[in-house]
Q: 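My structure is below; once you've seen it, I'll send some questions.
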There are 4 protein chains.
Amino acid sequence: MKKRARTKHTPRAEKTRARLVDAAIDEFAEFGFHNSKISNIVARAGVTQPTFYFYFDTKEAIHEYLVERVRMELTGLIETARIPATTPASDVMDKLRNAIEVFLKYFEENPKLAPIGYFDGIKSSAIREEIVALVSRNIAFEQGAGYCRPELDPVFMSHCYNGSLERLIRVYLLSGQYDAHALAEKVANLYGYGSVPKSFFDSTAGEHNNLKS
Amino acid sequence: MKKRARTKHTPRAEKTRARLVDAAIDEFAEFGFHNSKISNIVARAGVTQPTFYFYFDTKEAIHEYLVERVRMELTGLIETARIPATTPASDVMDKLRNAIEVFLKYFEENPKLAPIGYFDGIKSSAIREEIVALVSRNIAFEQGAGYCRPELDPVFMSHCYNGSLERLIRVYLLSGQYDAHALAEKVANLYGYGSVPKSFFDSTAGEHNNLKS
Amino acid sequence: MKKRARTKHTPRAEKTRARLVDAAIDEFAEFGFHNSKISNIVARAGVTQPTFYFYFDTKEAIHEYLVERVRMELTGLIETARIPATTPASDVMDKLRNAIEVFLKYFEENPKLAPIGYFDGIKSSAIREEIVALVSRNIAFEQGAGYCRPELDPVFMSHCYNGSLERLIRVYLLSGQYDAHALAEKVANLYGYGSVPKSFFDSTAGEHNNLKS
Amino acid sequence: MKKRARTKHTPRAEKTRARLVDAAIDEFAEFGFHNSKISNIVARAGVTQPTFYFYFDTKEAIHEYLVERVRMELTGLIETARIPATTPASDVMDKLRNAIEVFLKYFEENPKLAPIGYFDGIKSSAIREEIVALVSRNIAFEQGAGYCRPELDPVFMSHCYNGSLERLIRVYLLSGQYDAHALAEKVANLYGYGSVPKSFFDSTAGEHNNLKS
DNA sequence: GATGAATGAGGCTTCATTCAT
DNA sequence: GATGAATGAAGCCTCATTCAT
């Protein structure tokens, strides 16, 4: 919050700024925030160091900018991914999978940017909290609609989802092993039906509803 | 692989070394590896910088030592947490919960050390892979014993578990919100039975077995 | 081979760079390379340490730059110091003296710089070899012209010259005891006529040509 | 001049001390004084660092000890290498060669130790001065005996000799290219008769005696 | 808007040397 | 006589950041 009285937006300036942002994405993606260097960023962007400081106050600033960008885009997606109340029972799994897929697609389409905002340290913990809150609201809604076991804690579930997805994104999605659709399906299957075979349900019928959650 | 091939280790040395290790744990826990400083570590330990280099070659070295320590202790725990084949059906959930609880307990009892080895960046990715491999072996074993849906991919499941737990540890365990036992129970319930209400199982009977996993 | 591939060089930069070079010459001259400190160099130059690294990568780098500079200048001089083939016999000693004088003058005029390049350790051994090679070529040429005993090994002679001069420069020239001209004359006299009195030549006539050289 | 109240000389102590000295010779020979490390010396000697300080006060101390040792041995040799006054004219060159050979032999037989004392920086300049003084005394003596041109400056000549030999030792002797005897012969030939062909002496008769030296 | 040049601050590491046993 | 452990003192170098043009 020092200067930033930037008012002009010539096309040339926009271009330079964009080059810096792209360069920063590449740099952060390759080295992470802590091992990134402004000298590398400006080299990638083909400008000099003072130019960087013309557009951003600090190294943190451009990182925060990226994190914020991810936050906005990601929360926007989540908010629209609620399972419609009118969903017929037979489509629940599809809808669940779809909600997950929307989230994964963002990472698939922004393989460098998204991890910066979502994985990279302290700043991204805020965004994760926000995502968790949104997802938990969706879950609560789905519970109200009967698509989800009501005794489960939505926030808790949301953290589980997010934690898993965070890992799965790295291991399966960014590596190209699975695409968003396939991965979402696998996740939905596991989270939807659990791991315990159906046969056990009978022998332990009703029990799982009694577990305090 | 430079020095430290010394043979003798006086009690005094062990004490100093231990002080350095403890100090490093505190420092890494507080600042993370990247923002940690050797000067801080030695200050916490009450020794001078050269003394640090008497015991460890670099800052990386002591960090690796800690990561390795966590890896050893954690893999040791996992290896012994297999659900016994003789487990009666009615105890499956208890056993599952117990396996998770063992893992969580390690973090509960080593709230500073464990995260260093498990969360902190690149070096810990190896350890996570190893844990995942172990857990997936346990899962496969449980599938063989009929405690787990056979169509699920053990490695995939293992990543889901681990990802969730990683998050839950931070949010619920290290914050003191839940203890290892309670948290394990919640996780087991979700992972064991899934989120979809039992009522849906009837209407979508057999379907979830058809989902390719 | 890191940076310093910059293209532009403002006058200001040239000035700073020159100040650093001069400071380095003084520092190396006073303490030698091993006991020199970058902190001293920048203090002499009136700049900060990072400024040093803006112009040179390491302490070694600036030293190599100086050695290279001496090598260039010195080899340039040597290459033009060949005794002309048309020299009448009576002028041979003058020409020999002159060739030596040219070399000495460089040290006389660059009393701080020249020794850095010529005396200072390992890097300067290469330059000495080069000088020796050049001088030996001149000697061979002079042998062809009849100004030098043909049975002498030019490379060997060249090393003798150089070794002597290296010492004489330190002892007589840099101390101000002799100037280049006077010193060259003394050297030429000794190397030209040897130490054995002429009277012995008669009694041992022809013998010295039989010594295997 | 700190402690050094060492009185006892048990055989074990002598052995340890000798091991340290040998180790130091190796270390200095390999790296030179400035790049040598006490840690390396004691490692070579198979003892610990405090043990080093039990025998020598500082790193400089052991180096000085070695330089002094070389000085003693070398000056002892020089002092006995004077050409006897009764030498017949026909043997002058042999005697000159022999004097040189004695000096070279020391380096041949102590290829690691001798250079430490003779080449290594500031401390060795004193020893060189002493050698030069001794040699010049020998030369003056030889002038008195008529074996050397009387108009030449003995000290100057001595420096020339020494400078050349210093170089020749490194280039030809320590490399194994020539042995002490052969090298001495080459040097004697050059220094005894000079480089100018005998034929020039006639045409420039008497001239070289007029050169001020 | 952009540049070449410069700086402040601080971290890592090494090494000769000494303490306590 | 010798050892394991510890220290004081520096030096090199890097990086984010700013000055002057």
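Quick caveat: nothing in here was measured; it's all calculated off a predicted structure. Every chain is numbered from 1, with letters handed out A, B, ... down the list of sequences.
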Q: Atom CG of L20(D) and atom P of dG1(F): how far apart are they, to the nearest Å?
A: 13 Å
Q: Angle between ring planes, F33(C) versus H63(C), binned at 30° and 60°: parallel, tilted or perpendicular?
A: tilted
Q: How long is the line joining CG of N40(D) and C1' of dT14(E), in whole Å?
A: 12 Å
Q: Tell me if a side-chain donor or acceptor on E130(B) pairs with a main-chain N or O of R71(B) at a distance below 3.5 Å.
A: no
Q: Phosphate oxygens OP1/OP2 of dT18(E): is one of them under 4.0 Å from a side-chain N or O of Y53(D)?
A: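 For Y53(D), the contact criterion (side-chain N or O under 4.0 Å from OP1 or OP2 of dT18(E)) is not met.
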Q: Using purine N1 to pyrimidine N3 plus N6-O4 or O6-N4 for Watson-Crick, or N1-O2 and O6-N3 for G-U wobble, each under 3.5 Å, what pairs with dG11(E)?
A: dC12(F)
Q: Closest nucleotide of DNA chain F for T51(D) versus for H34(A): which of these residues is on the 5' side?
A: T51(D)
Q: Roughly how many Å is it from NZ in K37(D) to P in dT17(E), rounded to a whole number?
A: 15 Å
Q: Atom CZ of F54(A) and atom C1' of dT17(F): how far apart are they, to the nearest Å?
A: 16 Å
Q: Under 4.0 Å: is that the gap between some side-chain N or O of K59(B) and OP1 or OP2 of dC12(E)?
A: yes
Q: May I ask you to evaluate whether T10(B) reaches the phosphate of dA5(F), defined as a side-chain N or O under 4.0 Å from OP1 or OP2?
A: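 T10(B) to dA5(F) OP1/OP2: side-chain N or O found under 4.0 Å.
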Q: Nearest whole angstrom, please: distance from the C1' of dT7(E) to the CZ of R19(C).
A: 14 Å
Q: Within 45° of the axis and under 6.0 Å from the centre of the six-membered ring of F28(A), does NZ or CZ of R44(A) qualify?
A: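 No; the conditions do not both hold, so R44(A) does not lie above the ring face of F28(A).
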Q: What is the distance from CZ of R17(B) to P of dA6(F), rounded to the nearest Å?
A: 11 Å
Q: From dA5(F), dA6(E), dT13(E), pick the nucleotide closest to the side chain of T16(C)?
A: dA6(E)
Q: Pick the nucleotide of DNA chain F nearest each of S39(A) and R12(C); which residue has the one closer to the 5' end?
A: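 Residue closer to the 5' terminus by nearest nucleotide: S39(A).
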Q: Provide the Watson-Crick or G-U wobble partner of dT3(F), both distances under 3.5 Å; none if there is no partner.
A: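 Answer to the pairing question: dA20(E), which forms a Watson-Crick or G-U pair with dT3(F).
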Q: Nearest of dT18(F), dC13(F), dG4(F) to any side-chain atom of P50(A)?
A: dT18(F)
Q: Do the rings of Y65(C) and F56(C) sit parallel, tilted or perpendicular, given the 30° and 60° boundaries?
A: tilted
Q: State which of dA5(E), dG1(F), dT13(E) makes the closest approach to the side chain of A13(C).
A: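 So the side chain of A13(C) is nearest to dA5(E).
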Q: Starting at atom CZ of F52(C), determine the distance to atom P of dG8(E), rounded to an integer number of angstrom.
A: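 Interatomic distance, CZ of F52(C) to P of dG8(E): 18 Å.
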Q: Is the shortest side-chain N/O distance from Y55(B) to OP1 or OP2 of dA6(F) below 4.0 Å?
A: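 Checking dA6(F) against Y55(B), a side-chain N or O does come within under 4.0 Å of OP1 or OP2.
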Q: Rounded to whole angstrom units, what separation is found between the CD atom of Q49(C) and the C1' atom of dA10(F)?
A: 11 Å
Q: Taking R128(C) first and then E166(C), would you say they form a salt bridge - that is, a charged N and a carboxylate O separated by under 4.0 Å?
A: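 Yes.
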Q: Side chain of T58(B): nearest nucleotide among dG1(F), dT13(E), dT17(F)?
A: dT13(E)
